[in-house]
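These values consider heavy atoms only, across backbone and side chains, with no hydrogens, waters or symmetry-generated copies. No experiment lies behind these values; they were computed from the predicted model shown.
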Amino acid sequence: MTPPPTVTVRVSTIRSQNPFGRSGAIFTGVEVDSQGWRVDTKKHYVVKASNQVLQAAVERGQLWSVSGTPEANTIVVNGYQITEATIVATAMQLLRPSGEYIITVLGEGEAFAGIGQVKARRLWDQFGQELYAILDRGDVSRLVDVLPRRMAEQLAEAWSHWGDTFTLQWLQSKGLPVPLGRKLLAFFKRDAATKIEEDPYRLISFAASWKTVDTLARRTFGIEPDDPRRLTGGLDEALHAAFDAGHTCVGKMQFKRRVAELLPGVDDIAIDAALSAAEQSGRLIRRAETLHAPGPYLMECTVVQAIVERLTQPDPLLDDASLESLVNAYVKKVRADVGDPGFQLNVMQREALTVANAKRFSIITGGAGTGKTTVLRALFRICDAAGLAVYPMALSGRAAKRIGEATGLKAQTIAGFLKNFAPDDAPQKAVAVIDEASMVDLPSIYRVIRCLPSEYRIVLVGDPHQLPPVGPGLLLHELAHDSGIPIVELAEVRRYGGEIARAAASIRAGKWPELPGQPENDIAFIPCAPSEVNGTVLRLYGQDRAGSQILCATRNALAGGTRPINAQSQQSFNREGEELMLWNIEHDLWQGTGFRVGDPVICLKNDWEIDLQNGSVGIVLSVASQMLGEPTRRSLGQIHWDDGRVRDLTADLLNHLELAYAITIHKSQGSAFRRVILPVTASKLLDRTLLYTAVTRAEKQVILVGDVDAARKAVLAQRRSDGRQVAMRGLLRERVDAIAPENLAKE
């Protein structure tokens with residue numbers, strides 16, 4: 001029998017693979033010669049490898065000798081026919097590891113500036129494993145086969161000072177995923193191998209999964225099931241998992257059950273002993289029957305201490321008479337500016353100003369449209385009269401932009417404030433105002449507190465009935481329910497009224513409002529099957545595209561997810577728009593990016609260089625297709641953003657854009673839209689706060705579409721935020737109760 005043909009394939013992409021490749025893998029690649037250079041630019045292989053033929057996990061960039069009979073298969077990419085040859089491998093041999101670690105170091109390391117990813121990969125393709133020896137010898141005569149002489153000399157010199165062949169080869173040999181290895185190199189540098197050899201469970205701190213770490217530790221490093229390092233690793237994993245789930249602490253019995261799940265076969269005695277050892281060493285902290293990781297505990301204690309210090313030190317900005325005079329003057333000015341002689345601050349708005357004037361820490365809460373921004377404008381005038389600077393900020397760029405536009409003061413994201421604030425150059429006294437504080441998680445408020453001088457006042461503003469923070473902990477949701485905090489709730493809705501206001505109040509209270517099914521009402525619910533949700537949403541959106549925003553609970557759900565709705569919206573409303581095309585090197589053809597002229601888009605990352613915030617929405621004005629590999633700041637087109645500015649669409653920015661016919665409800669926080677369309681389907685993300693947040697984004701109309709029963713169930717159920725285990729309010733009560741009553745600021 002004729003043996004099957006054998007080809008050398010360089011891995012391009014991995015379509016399917018279990019951890020460590022032990023259950024086989026499916027990957028794509030191109031045929032290369034003995035030096036790793038591509039043979040045929042038009043031919044691509046799809047390799048299906050069982051665990052019987054695999055020797056190691058498959059990684060991008062590896063060279064494999066693959067035996068098997070190719071079967072042709074034609075696919076279409078952007079209208080072009082591409083021929084793939086599928087090989088069910090009968091035998092495989094790893095000829096050359098991927099070299100991703102040394103490519104990463106040479107391509108991204110500051111010590112090797114100028115090399116870049118492309119030249120680093122060429123070096124590996126040319127020399128393979130021999131590259132380590134060439135660099136260790138400083139053999140410029142070999143490096144010039146790939147690099148200009150001057151660059152080759154600079155590389156040899158830099159490697160002599162930094163290069164660590166052992167660590168890179170060790171990382172490669174242990175099969176650690178490249179992204180994880182990059183984190184280890186950045187943190188441990190040359191000590192990476194030693195640190196992980198000492199305790200493989202240190203990998204947990206670098207976001208590696210427990211399954212990956214535990215399997216690696218036991219199979220590669222020979223760790224026994226009852227090894228103290230493994231037991232401690234299980235405790236750390238349980239604490240990390242709780243923090244990732246939003247908790248800052250966990251009950252002892254619940255924690256022990258979780259550790260037992262991670263360490264099957266380890267008895268309670270061993271777990272109790274590990275808990276005691278961890279407590280003695282400071283790896284965890286016990287308060288009664290609650291366990292804390294040191295990091296979250298320190299953060300909560302720091303925030304609580306800052307609040308208590310301000311509660312015990314009253315410091316009115318203006319006396320009562322001056323405050324009354326200034327507020328009245330503000331009302332007169334607003335009347336003149338808006339042409340409304342009947343404008344007036346209501347009782348609770350005036351109370352909010354009185355409290356914020358008197359207290360060094362205060363909270364102003366209220367639903368959408370209750371006049372929080374109006375109060376802030378007046379508060380900023382009070383601060384100005386008292387000679388205090390104001391630092392308005394919010395977690396998201398969109399929320400910061402809105403508070404800045406509404407108040408006339410320059411507002412920043414929390415990240416921007418932390419980056420730009422210089423305590424040595426800042427005024428001695430000032431006021432930090434954090435808007436949309438319901439979105440702020442524990443790490444964010446901790447960083448702000450650490451940055452603020454102790455003399456600075458703090459005002460939190462927001463709606464504790466909205467979505468909880470994406471990150472761990474609770475701030476506004478906890479403090480707003482503490483009777484010892486100076487807090488004023490605004491309840492009179494001014495932005496919208498009637499049916500929307502009544503429905504929002506009912507949802508907030510956990511009561512289902514019966515909604516009409518006619519789409520012409522201010523608020524309506526159109527019931528339909530999941531298969532009809534997207535079509536109904538698109539029909540409604542098409543009736544008023546300029547004034548509508550689709551808000552979704554999820555991104556990927558087939559019914560009601562942002563991705564399918566965005567794709568269908570583009571197809572329905574903008575299929576003829578000119579598409580931005582980029583050259584696909586792997587397939588040797590032009591490939592669409594998915595963005596067309598006329599598409600609404602959303603930015604998913606803060607870009608300080610061009611003053612663009614996470615959550616900003618814009619419209620694609622023009623595109624200029626080109627090959628990748630050009631300078632990353634070269635313009636690929638232009639986008640008109642919601643701040644009125646037109647900015648270049650660059651390759652850097654392209655990586656952080658999504659279509660925005662539909663956006664997530666989380667991204668909509670801090671925004672308002674004239675008309676909101678909300679698809680509703682059964683989902684683990686659906687809860688009362690999600691629906692309330694979405695409904696209160698609407699200024700004139702909101703239409704819900706889909707599963708009425710799922711919405712009703714979500715409203716009647718407990719809020720998901722109520723299930724978070726946090727310690728802030730308990731710690732605050734302990735600190736306040738320990739202070740003599742006469743030392744507390746009078747309410």
At their closest point, which heavy atom of H292 faces which heavy atom of T290, and how far apart are they? NE2-CG2, 3.6 Å
Decide yes or no for L474 and M728: does some side-chain heavy atom of the first lie under 4.5 Å from some side-chain heavy atom of the second? no
With a 4.5 Å heavy-atom cut-off, do T312 and V736 have their side chains touching? no
How about W210 and L263: do any of their side-chain heavy atoms sit closer than 4.5 Å? yes
List the steps, then state whether side chain to side chain contact (heavy atoms under 4.5 Å, CB included) holds for L460 with L479. CA-CA 10 Å; L460 303 182; L479 298 181; 4.0 Å; yes
Contact between I223 and P200 at the side-chain level, heavy atoms closer than 4.5 Å - yes or no? yes
Residue pairs passing the salt bridge (charged side-chain N to carboxylate O under 4.0 Å, His left out) test with at least one member in residues 476-485, sequence neighbours excluded, are E478-R729, D482-R733
On a heavy-atom basis, the closest approach of Q725 and G251 is OE1-N, 3.2 Å
Counting N and O atoms only, with roles assigned by atom type, does the side chain of R735 sit under 3.5 Å from a partner on the main chain of V308, one being a donor and the other an acceptor? no
Output a table of donor-acceptor pairs, distance under 3.5 Å, between side-chain atoms of residues 427-443 and any protein atom two or more places apart or on a different chain; print 'none' if there are none.
| residue | atom | partner | partner atom | Å |
| --- | --- | --- | --- | --- |
| D441 | OD1 | S444 | N | 3.0 |
| D441 | OD1 | S444 | OG | 2.7 |

So how far is it from R402 CZ to T407 OG1, rounded to the nearest 0.5 Å? 11.5 Å
Salt bridge check: are R218 and E224 linked by an N-O gap of less than 4.0 Å? no
Does the side chain of M393 reach to within under 4.5 Å of the side chain of T413, using non-hydrogen atoms? no
Are I414 and R447 side-chain neighbours, meaning at least one heavy-atom pair lies under 4.5 Å? no
In chain order, what residues pass the side-chain contact (heavy atoms from CB on, under 4.5 Å) check against D463, with sequence neighbours excluded? H465, Q466, Y692
With heavy-atom distances below 4.5 Å as the criterion, would you say the side chains of S205 and H240 are in contact? yes
Could you label the plane-to-plane angle of the F421 and Y456 rings as parallel, tilted or perpendicular, counting under 30° as parallel and over 60° as perpendicular? perpendicular
Sorted by chain and residue number, the ring-ring contact (aromatic ring centres under 6.0 Å, His included) partners of F187 (sequence neighbours excluded) come out as F206
Could you give all pairs that pass the side-chain hydrogen bond (donor to acceptor under 3.5 Å, both in side chains) test and reach residues 293-303, with sequence neighbours left out? T248-E300
Please report the closest heavy-atom contact between H477 and P464, naming both atoms and the distance. CD2-O, 2.9 Å
Least distance between heavy atoms, A714 atom then L691 atom: CB-CD1, 4.3 Å
Not counting sequence neighbours, which residues clear salt bridge (Lys or Arg N to Asp or Glu O under 4.0 Å) with R724? List them please. none
My understanding is that only residues two or more places apart in sequence, or in another chain, count here; which of them pass salt bridge (Lys or Arg N to Asp or Glu O under 4.0 Å) with R258? E261
Side-chain ion pair, R719 and D687, N-O less than 4.0 Å: no
So, using side-chain contact (heavy atoms from CB on, under 4.5 Å) as the criterion, who are the partners of K410 when residues are at least two apart? none
Over all heavy atoms of both residues, which pair between L690 and A553 is shortest? Give the atoms and the distance, please. CD2-CB, 3.3 Å
Nearest atoms (heavy-atom pairs only) where A394 meets A399: CB-CB, 3.7 Å
All side-chain contact (heavy atoms from CB on, under 4.5 Å) counterparts of L239, not counting sequence neighbours: F255, L284, A293
A270: which residues meet the side-chain contact (heavy atoms from CB on, under 4.5 Å) condition with it, sequence neighbours left out? L231, V266, D267
Name all pairs fulfilling the salt bridge (charged side-chain N to carboxylate O under 4.0 Å, His left out) condition that reach into residues 271-293, sequence neighbours left out, sorted by first residue then second. D236-R283, K256-D272, E279-R286, R287-E734
Got a sec, which pairs hit salt bridge (charged side-chain N to carboxylate O under 4.0 Å, His left out) with one end in residues 448-460, sequence neighbours left out? none
Is a donor from one side chain sitting under 3.5 angstrom from an acceptor on the other, for S671 and S668? no
Within the supplied structure, the quantity of interest is the number of heavy atoms (other residues, nucleotides, ligands) at a distance under 6.0 Å from R720 CZ; does it exceed 12? yes
Taking side chain as C-beta onward, heavy atoms only, is L653 less than 4.5 Å from C603? yes
To the nearest 0.5 Å, how far apart are CZ in F361 and CG in L311? 7.0 Å
